Enquirer: 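Provided herewith is a single structure, encoded as structure tokens, for subsequent inquiry.
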Amino acid sequence: MSVSRRAFLALSLGIGASGAGCFLSKTNGSTAKDQTFVHPLAIPPVLEGVNRNERKVFDLTVQNGVTSFFEGSKTPTMGYNGTYLGPTIRAKRGERISFRIHNKLHEETTVHWHGLHVPAVMDGGPHQKIAVDETWKPEFTVDQPAATLWYHSHQFHRTAIQVYHGLAGLFYVDDENSEKLSIPSEYGVDDFPIVIQDRMFNRDNSFYYSNSMHDQMMGMIGDVFLVNGVVNPRLVVKRQRIRFRILNGANAQTYFLRFSDSREFFQIATDGGFLKSPTSLTELRVAPGERAEVLVDLKPNDDVVLENRPQDGSGRGGMMNRGRSNESKGVLRITGNDTLRKSEEIPASLSAVRNWLPERAVKTRRLVFQMGMGMMSRSGGRFTINGRSIDINRIDQTVKLNDIEIWELVNRSPIPHPIHIHDIQFRILDRNGKTPPKNEQGLKDTVLVEPNETVRVITQFEHFADDKSPYMFHCHILEHEDGGMMGQFLVRKGR
Ligand SMILES: [Cu+2]
């Protein structure tokens with residue numbers, strides 16, 4: 001039995017029923033130093049589509065399941081084609097793909113293609129509901145640069161709980177550039193999907209999910225890390241250089257990732273594809289919904305831990321952190337084999353990255369994100385954009401097809417909000433007037449906006465117009481999204 005497991009059981013005996021102000025801890029404040037990593041990192045299977053009528057067809061079943069995260073434990077979960085999370089969907093730019101998504105849950109769900117540029121009716125937002133026992137058959141052409149994207153539930157008012165229980169998976173887009181770059185690209189060998197989440201558990205090992213005011217306001221933050229659905233994971237590597245495709249799949253927590261020995265690594269891609277060139281980092285901030293691809297080098301017999309170090313100023317400090325320490329916690333242990341196959345040099349240049357000149361923008365929209373500090377209420381409209389909570393029957397913004405626009409994202413609340421815009425990839429123009437860091441100078445679909453920060457992003461709304469079906473824009477802290485911090489925009493053909 002692991003240290004954390006024993007600590008958990010000891011704690012369980014001393015703690016009453018879960019509820020507001022009382023939460024259970026699997027780790028009892030243990031830090032990276034005394035953590036054990038006993039479970040081999042799981043690699044989600046790649047979903048091989050079937051070629052039919054010049055389309056690649058993918059079958060997904062949304063289902064309930066039971067997952068064992070600890071020895072002998074049973075946690076009720078949800079997954080795609082499995083009990084927790086889903087397979088990695090892989091398609092190449094230019095391919096026509098279609099899905100048969102069957103809902104075997106006991107409740108409605110949707111499947112949103114986060115980061116994919118698709119028609120609004122194919123987007124899988126709250127309007128594309130899949131009733132119990134129904135099958136949704138979206139179809140679209142993949143037409144965007146190679147990127148690590150993902151898919152997840154976007155069920156109205158139920159996104160947080162469904163994603164928390166496991167409804168998320170990765171979606172890789174490949175293109176000619178990604179296939180010819182000399183970077184690690186062997187799936188599960190030197191190119192690893194890394195879906196990071198945090199969860200809390202009840203004494204009976206079910207997920208602890210709280211509707212308390214605190215957890216709805218801060219978002220549901222757990223004390224146990226999962227990587228690809230594995231607790232205390234360990235990865236043994238046989239190559240000198242590895243690529244991590246990191247997805248922050250958390251409901252609410254922004255991660256500050258670094259290696260335990262502070263080694264340098266290189267970010268090569270943002271949400272929407274490759275950066276222009278690799279960017280040296282020792283720490284990576286990745287907010288819920290964001291992705292980052294990084295390269296890191298190992299030496300034979302290396303033993304290093306990927307850690308999360310919560311930061312002051314990340315909105316989790318002071319009275320907001322409910323007694324959590326700011327100490328590092330291990331996320332994933334990485335061990336090098338005693339011999340490592342040598343990798344090729346990292347290319348100096350990765351890709352051209354699309355950009356738009358601010359002078360070409362025909363419109364600037366200002367979106368102000370606020371949250372009430374009083375009693376939280378789903379219906380009370382405490383999470384707002386421009387003073388309004390989501391109304392699923394209201395269109396908040398109407399964009400003209402092919403227009404280049406600047407969206408000014410203003411955070412007037414005490415905690416950071418990762419803002420996600422459907423349909424498009426954007427570039428960050430500036431943060432409070434300053435050029436964003438180099439590793440944010442790529443295509444993005446989600447951007448963290450700090451308290452008192454204004455982030456300007458620029459994009460173009462192309463290809464898909466629809467007079468009736470809107471796309472969503474929202475905070476990717478899923479409790480905030482479900483709580484109303486979401487709006488709808490139409491893309492319409494010009495007069
Ligand atoms: Cu938020």
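None of the values given here were measured: they were computed from a predicted structure. Indexing begins at 1, ligand by ligand and atom by atom, following the structure's order.
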Enquirer: Calculate the angle formed at the Cu ion (ligand 1) by SG in C475 and ND1 in H480; 10° precision is enough.
Expert: 130°
Enquirer: Can a salt bridge be assigned to the pair E290 and K444 using a cut-off of 4.0 Å between side-chain N and carboxylate O?
Expert: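 Salt bridge between E290 and K444, a charged N being under 4.0 Å from a carboxylate O: yes.
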Enquirer: Please name the atom of H417, limited to N, O or S, that comes nearest to the Cu ion (ligand 1).
Expert: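 H417's closest N, O or S atom to the Cu ion (ligand 1) is named ND1.
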Enquirer: Enter the distance from H114:NE2 to H422:NE2 here, rounded to the nearest 0.5 Å.
Expert: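 Separation between the atoms: 7.0 Å.
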Enquirer: Does any N, O or S atom of H476, backbone or side chain, fall under 2.8 Å from the Cu ion (ligand 1)?
Expert: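 Looking at H476, which is the residue asked about, there is no N, O or S atom under 2.8 Å from the Cu ion (ligand 1).
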Enquirer: Any sub-3.5 Å donor-acceptor pair from R291's side-chain atoms to T148's backbone N or O?
Expert: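 Checked: pair present.
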Enquirer: Between R158 and E107, does any NZ, NE, NH1 or NH2 come within less than 4.0 Å of an OD or OE carboxylate oxygen?
Expert: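 Here E107 pairs with R158 in a salt bridge, since their nearest N and O are under 4.0 Å apart.
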